[in-house]
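Below is one structure, written out as structure tokens; the observations come after it.
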Protein chains: 4
Amino acid sequence: MSQPRTSRADAARRTRARVLTAAREQMVLHGPDIGMDEIAGAAGLAVGTLYRHFPAKADLVAAVVAEYVERVADDAEAACERVTAGSRALDEITAFLGRVIEASARDRAVKAAAHALGADPGDKVAEDRASRAVATLLLAGQADGDIHPDVTVGDIYLLFATVPADQPAAARARWLALMLPGLTTHPRPTPRDRRHPVPGSRQGAGAKGET
Amino acid sequence: MSQPRTSRADAARRTRARVLTAAREQMVLHGPDIGMDEIAGAAGLAVGTLYRHFPAKADLVAAVVAEYVERVADDAEAACERVTAGSRALDEITAFLGRVIEASARDRAVKAAAHALGADPGDKVAEDRASRAVATLLLAGQADGDIHPDVTVGDIYLLFATVPADQPAAARARWLALMLPGLTTHPRPTPRDRRHPVPGSRQGAGAKGET
Amino acid sequence: MSQPRTSRADAARRTRARVLTAAREQMVLHGPDIGMDEIAGAAGLAVGTLYRHFPAKADLVAAVVAEYVERVADDAEAACERVTAGSRALDEITAFLGRVIEASARDRAVKAAAHALGADPGDKVAEDRASRAVATLLLAGQADGDIHPDVTVGDIYLLFATVPADQPAAARARWLALMLPGLTTHPRPTPRDRRHPVPGSRQGAGAKGET
Amino acid sequence: MSQPRTSRADAARRTRARVLTAAREQMVLHGPDIGMDEIAGAAGLAVGTLYRHFPAKADLVAAVVAEYVERVADDAEAACERVTAGSRALDEITAFLGRVIEASARDRAVKAAAHALGADPGDKVAEDRASRAVATLLLAGQADGDIHPDVTVGDIYLLFATVPADQPAAARARWLALMLPGLTTHPRPTPRDRRHPVPGSRQGAGAKGET
DNA sequence: TATGAATGAGTTTTCATTCAT
DNA sequence: CATGAATGAAAACTCATTCAT
């Protein structure tokens, strides 16, 4: 009797998911100033319906951001499990950072919108999941002697907050390479490989047309 | 004849300066989406006058950004001269980074506006001055063996572009500490020493207007 | 089910018609530079609603012009039918010209706005209807031997384009009298007869809103 | 002593003439909505100086129109004199009409501005000169039996007011051909020559790029 | 008298949000 | 519950006109 009655709760949930997907896509495509009408249209709804699910634009953006946090938490937890299964913590951390950085680049417009609207993600649960998983990863890395003992979860969040999301992929990779020595106990990878491909000297130059 | 000579040109220059100051202040206070009317009001002018000096909002923002670049160039050149006078390049670079980071934090709204409007700073001269001075500093540090040989001016700009401008001063200091190992040849301070040497923390300590 | 079916579409159509009427009236009253706010106010709407129906001022003006073209087409076709039913083509043409001239006088501001905005009427269908009907009228008149064989539809449009719309009704009537000999095969009425036969003077006599 | 003192009165007159020429040129080039700053710049003056000579834009436009009327008066009087010297009145009238029509086409933007601003030419003297000369021409033509006895000076002005100024030269020529039978006692020139070059059927179509 | 910086009301257009159907 | 028309405040920009120098 609870299963056949999918109509009410399920329909609402599905609509919500459709709106969130459309909102993220539209923001990525047309920037954070995309109008509510466009988002509604992309979700196959009327504005009124959109406002029924999210009382204000800030709420919608907050939900999109929360979804993003959820994905990060999932990713961190998966990395955790692989470490438990025997994978090297440093490798998992490095790969995890790389994935989050790329995701940030994809969703930078979302973050811009969140910031502009002062949207509060609010999803404390997902945030805690992510924090716990990242802490576990760091502890494992520190136990291995690979991660500096004073590196905290806050440091990782600080890095997430400063990803050069609007720069080309090569710049993001270089940025991660510059960051890693601050996290690890290892010296710079290989002092011999010069000439990394940071295209322009100006910030933001060449920001268009990337992956 | 001496009085009227300066009065016209000077009045225009002073008005321009007043507008730029007001624009920067208003953007810092109320975000980059501040209206032209507000800026004009803060400068004690009517909108029309503002538009006489800057034909479009993008021009005004570009001018504010150009002013910022000019200050960075001045700072970098001063550091250069101190190195020439015998100061250690690594110390000057570290202090310079700290100062630019604090300036970025103060003017973060300006940069947001510049990005949103696609404003072209245009001040290639100041940009070149800054680039040359930074290059000189890096070369000196590399000659001392303190800066990694593969670090470029582009790397420094990449860092500038990702300053956690909207974070508290302590976070910015920590962020710089995380970045430095990527630039220098020195290992992390001492694994047991919890007090990491944050160079620019002196002037960042009493910083106004943060969270 | 019968009520809601019409209500949505009908309301939109009625709003559109209300806007068009208000726009035409305001333009006739206050000139073609009338603001969108005024038009909205005259239609009992907010500006936003006006912009929902017509995305730009040029679109609104184009719609008003298209409505005018439609009326001319209707008029020409009606005259055509009367000719088919036995009415003399020359009389119908003369009366038709008189009516269009009076309509032009009423809507002169609209045409001025259309020209100023480069608005594209776009209603090719109505334009074709008008052209075909006028061509038919001319052919019938030429078959009767009343209309000069070299008169074309383009000539009629040329006259329409030069109607002295902002002159008193008497001047418009006199203007038509001066034009007619260029269209017909008949000589000027009678050199001594001071009362020249102005066809459209009946409906032009009581015309509203002129000098 | 009056000649060497050209400074005061003459300088003012020359400035005035320069402004008028610049105003006409700018209006013809950039339409009747050209700004006062542009006109001042084209005349090599500052706006303030322009406003010293013409207290309001309407006054400047009125002066430009008055200049136009003056030229028409000169033209009409010259034609008068040629008739007195033996030239055929009908020929002179026809040529005069053609010249005024072309001048109207050149200065159509001026007339548009005059109408939009409600500028009152005011130059009653030039207007009277023109009227008298035209009356003389018409009387001569009527004495010859070429011009219809009921044609008045007002008719000629009515034609001037409705010149298709924004149409191609061919359309203007055709328009004059359509008008002439209304003025003369002669039948249509040659009923045999069909196909006149009126380009588009729509009013205003093809209005760009003419002589 | 010439200058041109300053004025400020006015114009078009956008968009988050509401509410009658 | 969904719909989408209506709202109206706000933003960028223009331009005739004034006035201190």
Side-chain angles (χ1 to χ4, degrees), chain A residues 7-8 11-12 15 33-41 44-58 60 117, chain B residues 3-12 14-16 33-41 43-58 60 117, chain C residues 3-12 14-16 33-40 43-58 60 117, chain D residues 8 11-12 15 33-41 44-58 60 117:
Chain A
S7 42
R8 278 294 181 279
T15 301
D33 286 348
I34 185 78
M36 292 293 266
D37 282 33
E38 313 286 327
I39 294 173
L45 295 169
V47 248
T49 311
L50 198 159
Y51 270 89
R52 177 164 294 276
H53 286 267
F54 300 94
K57 191 178 188 181
L60 172 57
L117 287 166
Chain B
Q3 231 267 330
R5 176 139 43 92
T6 47
S7 80
R8 266 297 208 283
D10 257 31
R14 249 175 302 144
T15 300
R16 201 190 137 90
D33 286 347
I34 185 78
M36 291 294 265
D37 282 30
E38 312 287 326
I39 295 174
L45 295 167
V47 243
T49 310
L50 200 158
Y51 273 94
R52 161 172 283 269
H53 287 268
F54 301 95
K57 190 177 187 180
L60 173 57
L117 286 165
Chain C
Q3 230 266 330
R5 177 138 44 93
T6 47
S7 76
R8 266 297 208 283
D10 258 31
R14 249 176 301 145
T15 301
R16 198 190 142 91
D33 286 347
I34 185 79
M36 292 294 264
D37 282 29
E38 313 287 326
I39 294 173
L45 295 168
V47 243
T49 309
L50 199 156
Y51 272 91
R52 161 172 282 268
H53 287 268
F54 301 95
K57 189 176 187 181
L60 173 57
L117 285 166
Chain D
R8 276 295 181 279
T15 300
D33 286 347
I34 186 78
M36 291 294 266
D37 282 33
E38 314 286 326
I39 295 173
L45 296 169
V47 247
T49 311
L50 198 159
Y51 271 89
R52 178 163 293 277
H53 286 267
F54 301 94
K57 191 178 188 181
L60 172 58
L117 287 165

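Remember, it's a predicted structure, so these values are computed and weren't measured experimentally. Throughout, a chain's letter reflects where its sequence line sits, starting with A, and its residues are numbered from 1.
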Mind calculating the distance between [atom1] ([X]) and [atom2] ([N]) to the nearest angstrom?
{"X": "A:Tyr51", "N": "F:dC1", "atom1": "OH", "atom2": "C1'", "answer": "18 Å"}
{"X": "D:Ile34", "N": "F:dT14", "atom1": "CD1", "atom2": "P", "answer": "13 Å"}
{"X": "B:Asp33", "N": "F:dA9", "atom1": "CG", "atom2": "C1'", "answer": "16 Å"}
{"X": "B:Glu38", "N": "F:dC13", "atom1": "CD", "atom2": "C1'", "answer": "16 Å"}
{"X": "B:Phe54", "N": "F:dT14", "atom1": "CZ", "atom2": "C1'", "answer": "18 Å"}

At a cut-off of 3.5 Å, list every protein nitrogen or oxygen paired with a nitrogen or oxygen from nucleotides 5-8 of chain E, distance to 0.1 Å.
| from | atom 1 | to | atom 2 | distance (Å) |
| --- | --- | --- | --- | --- |
| E:dA5 | OP2 | B:Arg52 | NH1 | 2.4 |
| E:dA5 | N7 | B:Arg52 | NH2 | 3.2 |
| E:dA6 | OP1 | B:Thr15 | OG1 | 2.8 |
| E:dA6 | OP2 | B:His53 | NE2 | 2.7 |
| E:dT7 | OP2 | B:Ala46 | N | 2.9 |
| E:dT7 | OP2 | B:Thr49 | OG1 | 2.8 |

| message | What contact category does A:Ala56 fall into here, base, sugar-phosphate, or nothing, at under 4.0 angstrom with non-hydrogen atoms? | response | sugar-phosphate

| query | What are the two closest non-hydrogen atoms of C:Lys57 and C:Ile34, and how far apart are they? | reply | NZ-O, 2.8 Å

| query | Do you know the tightest heavy-atom contact between A:Leu60 and A:Met36? | reply | CD2-SD, 4.1 Å

| task | Identify the nucleotide, in any strand shown, that forms a Watson-Crick or G-U wobble pair with E:dA20, with both distances under 3.5 Å; if there is none, say none. | result | F:dT3

| task | Return the nucleotide paired to F:dT14: Watson-Crick means purine N1 to pyrimidine N3 with N6-O4 or O6-N4, wobble means G-U with N1-O2 and O6-N3, both under 3.5 Å. | result | E:dA9

| Of the listed nucleotides E:dT12, E:dT17, F:dT18, the one nearest the side chain of A:Met36 | E:dT17

| remark: Among E:dT13, F:dT17, F:dC13, the one nearest any side-chain atom of C:Lys57 is E:dT13

| To the nearest 0.5 Å, how far apart are CG in B:Leu45 and CG in B:Asp37? | 12.0 Å

